[in-house]
Amino acid sequence: RLKTNIQPISGSLNKLEQLRPVEFDWLVDRDNHEYGFIAQEVEKVVPEIVSEHSAIGDTKKFLKNLDGTETFKTVDYAKLTVLLVDAMKDQQEEIDSLKLELTELKGKL
């Protein structure tokens, strides 16, 4: 009831193939090893799932000393799930098509 301009998603598999999963350590919290993406890289492919935030505390001090900025970017991983589901559906269609083709080829032997 609260949505308008509803459109199906397409091309998700292509977008996901362009993303580079990484593992990393935070510079400010060195004890925290993570898996994820680099927001600036994701932004080039799927800008809708990246947002910019004002830093606070130690992160704000670190960024100010590093390059004079006070903002950082994050990836909204929950929104990434929608693309993953769409890509999975595309892959399943391809798998089903290949299964059918294989069945037909086996029937001709």
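Keep in mind that this is a model prediction, so the values were computed, not measured. Just so you know, residue 1 is the first one in the sequence shown, and it goes up from there.
- In this structure, the side chains of Phe72 and Leu63 come closer than 4.5 Å at one or more pairs of heavy atoms.
- Heavy-atom neighbours of Glu52 CD from other residues, nucleotides or ligands within 6.0 Å: above the threshold of 12.
- Proximity of Glu34 to Asp25: side-chain heavy atoms (C-beta onward) are nowhere separated by under 4.5 Å.
- A heavy-atom distance below 4.5 Å is found between the side chains of Leu83 and Val46.
- No chain of hydrophobic side-chain contacts below 4.5 Å, direct or via other Ile, Leu, Val, Met, Phe, Trp or Tyr residues, connects Val75 to Ile38.
- Taking CG of Leu19 as the reference point, atom CG of Leu80 lies at 6.5 Å (rounded to 0.5 Å).
- The CG atom of Asp90 sits 10.5 Å away from the CG atom of Asn14 when rounded to the nearest 0.5 Å.
- Val45 and Val22 sit in two unconnected hydrophobic clusters of ILVMFWY residues. Membership requires side-chain heavy atoms under 4.5 Å apart, directly or through other members.
- Note on Lys79 versus Glu48: no salt bridge recorded, every NZ/NE/NH1/NH2 to OD/OE distance being 4.0 Å or above.
- For NZ of Lys61, the number of neighbouring non-hydrogen atoms (other residues, nucleotides, ligands) closer than 6.0 Å is 12 at most.
- Considering all non-hydrogen atoms of both residues, Tyr35 and Phe24 come closest at C-CE2, 4.1 Å.
- A heavy-atom distance below 4.5 Å is found between the side chains of Phe37 and Tyr77.
- Going from atom CD of Glu104 over to atom CG of Leu102 covers 10.0 Å, rounded to the nearest 0.5 Å.
- Separating the CD atom in Gln18 from the CD atom in Glu41 is a distance of 11.5 Å, to the nearest 0.5 Å.
- Put simply, the side chain of Leu16 reaches to within 4.5 Å of the side chain of Leu84, judged on heavy atoms.
- Here CH2 of Trp26 is found 14.0 Å from CG of Asp58. Values are rounded to the nearest 0.5 Å.
- Rounding to the nearest 0.5 Å places NZ of Lys60 at 11.0 Å from OG1 of Thr71.
- The closest donor-acceptor contact from the side chain of Thr103 to the backbone of Lys99 lies under 3.5 Å.
- Closest approach of Asp86 and Ser12 over heavy atoms only: OD2-OG, 2.6 Å.
- Residues Lys15 and Ser10 approach most closely at NZ-O, 4.4 Å, considering heavy atoms.
- By the rule that hydrophobic residues join a cluster once side-chain heavy atoms approach within less than 4.5 Å of another member, Met88 and Leu13 end up as members of separate clusters.
- Between Lys64 and Thr69 there is no side-chain heavy-atom pair separated by less than 4.5 Å.
- Across every non-hydrogen atom of Thr74 and His53, the tightest pair is OG1-NE2, 2.8 Å.
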